Amino acid sequence: MVHGRVSRLLVHDVRFPTSLGGHGSDAMHTDPDYSVAYVVLETDAEDGLRGCGLTFTLGKGTEVVVCAVNALAHHVLHRDLKDIVGNFRGFYRQLTSDGQLRWIGPEKGAVHLATAAILNAVWDLWAKQEGKPLWKLLVDMLCAAALKDGWTRFKVKVGADLQDDMRRCRLIRDLIGPDRTLMMDANQRWDVPEAVAWMSKLAEFKPLWIEEPTSPDDILGHAAIAKALAPLGIGVATGEQCHNRVVFKQLLQANALQFLQIDSCRLGSVNENLSVILMAKKFGIPVCPHAGGVGLCELVQHLIIFDYISVSTSLQNRMCEYVDHLHEHFKYPVYIKQASYMPPQDAGYSTEMKEDSVKKHQYPDGEVWRKLLAAQEN
């Protein structure tokens, strides 16, 4: 049973210096330091359980999200958890409709990332108190029932240099063969005509989709690209940088995507992601979540399992990204077997990080950053 009053909210700026090795870089984001604003909720309950939540960033700007979390903290502090989950819709609206903070949103940008981190911590705490992994909590709520390792779907970054893209795509297609799935990701690099022209050149490699071909705000641009590429058998996938459910609604109404990519930390946590999953079901569009980053795989696995069991009940044209990166910093890391996510069994939302990792990577005072910053000064 849900119990306890929220007595403390802690937020940490945790950064991993991934830019040193170029890990996670793409045509638009050339030097990311994969980071999180990491939220911990404590209650006065005797069980000592803590709710852990996070949102993903690329280094600089994490401090802005941390400030936004602190600005929203009064909405959750000293609240009974039972009251929060008893009217979760109302609590969500309270966070996203703060009379002053919504001016720097609304429901987008740093304040919405902060909302996601807080809500992710609430969901984690609720699931832990119920003794269930989050996917099981959601299912029960609705009363619904590489190559040698089995990988069959692969994605390649494109968009910086056409000739280099063709070289790399040819190498990958030759390696994986004609029957395995290849997808491409431009990370918003192109305008609309450029996207159509570029992908017409890459069509020979038979990609299933082109991901984020242009600005995530250009709904009609995505629709134009989707229409132009349909005869080539190439779909459009997008969503990892969609601000909110309204943008997803418009993308669906405009037939602007064939694959919908929710993000566990950009939308307003589980609450808003559930509404998007249900809309995708209505429009018959498969949900293929964005993952990678820090903790995104750990979180989104719960959402795709819920979608399969309770909403879509299908695996057709559905997949979820996976990157074997930074999982060692989590107490309950994602478990992959035969190129598939295995349902987590531990209670909670799989958001809890190892205390030693948080301490070492806290910015700018953690051991890792003290050394790096001192080296830069010298």
Side-chain angles (χ1 to χ4, degrees), residues 24 34 36 38 51-56 116-117 119-128 130-142 144-146 149-155 183 237 239-240 259-278 280-281 286-354:
Y34 275 19
V36 293
Y38 182 58
C52 302
L54 56 86
T55 192
F56 174 59
L119 287 170
N120 285 339
V122 173
W123 280 101
D124 180 60
L125 180 58
W126 183 10
K128 285 176 176 175
E130 295 287 351
K132 301 174 183 178
L134 179 78
W135 67 265
K136 184 69 164 57
L137 175 65
L138 292 174
V139 170
D140 289 350
M141 282 170 55
L142 296 183
D149 294 325
W151 298 99
T152 60
R153 298 167 180 175
F154 303 84
K155 191 172 81 171
M183 296 154 286
E240 71 176 82
F259 302 91
L260 187 150
Q261 296 179 298
I262 57 173
D263 185 286
S264 58
C265 292
R266 183 168 293 276
L267 294 184
S269 189
V270 178
N271 313 56
E272 194 168 23
N273 271 300
L274 292 184
S275 68
V276 175
I277 289 171
L278 292 172
K281 170 67 174 179
V287 174
C288 303
H290 169 247
V294 182
L296 300 185
C297 295
E298 276 70 21
L299 276 66
V300 81
Q301 61 181 332
H302 294 270
L303 302 178
I304 57 169
I305 293 169
F306 165 75
D307 177 47
Y308 172 64
I309 295 175
S310 297
V311 182
S312 67
T313 67
S314 172
L315 295 177
Q316 185 176 3
N317 287 329
R318 286 169 170 81
M319 62 201 81
C320 181
E321 289 183 315
Y322 172 73
V323 179
D324 189 11
H325 192 211
L326 301 176
H327 304 293
E328 67 272 16
H329 299 289
F330 285 82
K331 188 173 180 179
Y332 307 108
V334 66
Y335 175 49
I336 301 293
K337 183 178 180 181
Q338 290 296 303
S340 299
Y341 281 85
M342 293 292 101
Q345 302 300 308
D346 296 291
Y349 196 5
S350 306
T351 46
E352 187 168 353
M353 299 183 73
K354 294 178 179 177

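All values reported here derive from a predicted model rather than from experimental measurement.
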Apply side chain to side chain contact (heavy atoms under 4.5 Å, CB included) to the pair Tyr341 and Val334, showing each step before the final yes or no. CA-CA 7 Å; Tyr341 281 85; Val334 66; 3.3 Å; yes

Is the shortest heavy-atom distance from the side chain of Trp126 to the side chain of Lys132 under 4.5 Å? no

Any heavy-atom pair between the side chains of Val294 and His329 that's under 4.5 Å? no

Would you say Leu303 and Ser264 make side-chain contact, with heavy atoms under 4.5 Å? yes

Nearest atoms (heavy-atom pairs only) where Gly24 meets Tyr34: CA-OH, 3.2 Å

Rounded distance (nearest 0.5 Å) linking atom CD of Glu328 with atom NZ of Lys354: 7.5 Å

Taking the side chain as everything from C-beta on, heavy atoms only, tell me whether Asp263 gets closer than 4.5 Å to Phe56. no

Polar side-chain atom of Gln301 near backbone of Glu298 as donor-acceptor pair, under 3.5 Å: yes

Check the pair Thr55 / Asn120 against side chain to side chain contact (heavy atoms under 4.5 Å, CB included), numbers first and verdict last. CA-CA 8 Å; Thr55 192; Asn120 285 339; 5.7 Å; no

Any sub-3.5 Å donor-acceptor pair from Asn273's side-chain atoms to Ser269's backbone N or O? yes

Positive for side-chain contact (heavy atoms from CB on, under 4.5 Å) with Pro344, one of Tyr332, Trp135, Tyr335: Trp135

Ring geometry between Tyr322 and His327 (parallel below 30°, tilted from 30 to 60°, perpendicular above 60°): parallel

Reported CE-to-SG distance for the pair Met183 and Cys288, which is rounded to 0.5 angstrom: 8.5 Å

Tightest non-hydrogen contact, residues Leu296 and His290, listed as CD1-CE1, 3.6 Å

Are Thr351 and Asp124 linked by a side-chain donor-acceptor pair shorter than 3.5 Å? yes

Any side-chain heavy-atom pair of Glu272 and Leu119 under 4.5 Å: no

For the NZ atom of Lys281 and the CG atom of Asp307, what is their distance to the nearest 0.5 Å? 8.5 Å

Look at the side chain of Gln261 and the backbone N and O of Phe259, then say whether any donor-acceptor pair between them is shorter than 3.5 Å. no

To the nearest 0.5 Å, tell me how far Leu54 CG sits from Glu352 CD. 11.5 Å

Heavy-atom closest pair, residues Arg318 and Val287: CG-O, 3.9 Å

Residues Asp346, Lys331: salt bridge by 4.0 Å N-O rule: no

About how many Å separate SG of Cys297 and CG of Asp324, when rounded to the nearest 0.5 Å? 9.0 Å

Worked verdict on Leu299 versus Cys265 for side chain to side chain contact (heavy atoms under 4.5 Å, CB included): CA-CA 8 Å; Leu299 276 66; Cys265 292; 3.7 Å; yes

Decide side chain to side chain contact (heavy atoms under 4.5 Å, CB included) for Leu274 and Leu138; before the verdict, give the C-alpha distance in whole Å, the side-chain angles of both, and the deciding distance to 0.1 Å. CA-CA 10 Å; Leu274 292 184; Leu138 292 174; 4.2 Å; yes

Heavy-atom pair with the smallest gap, counting every atom of Ala127 and Ala347: O-CB, 3.9 Å

Does any part of the side chain of Met353, heavy atoms only, come nearer than 4.5 Å to the side chain of Cys52, both counted from C-beta? no

Identify the heavy atoms of Lys128 and Gly348 that sit nearest to each other, and give their distance. CG-CA, 3.7 Å

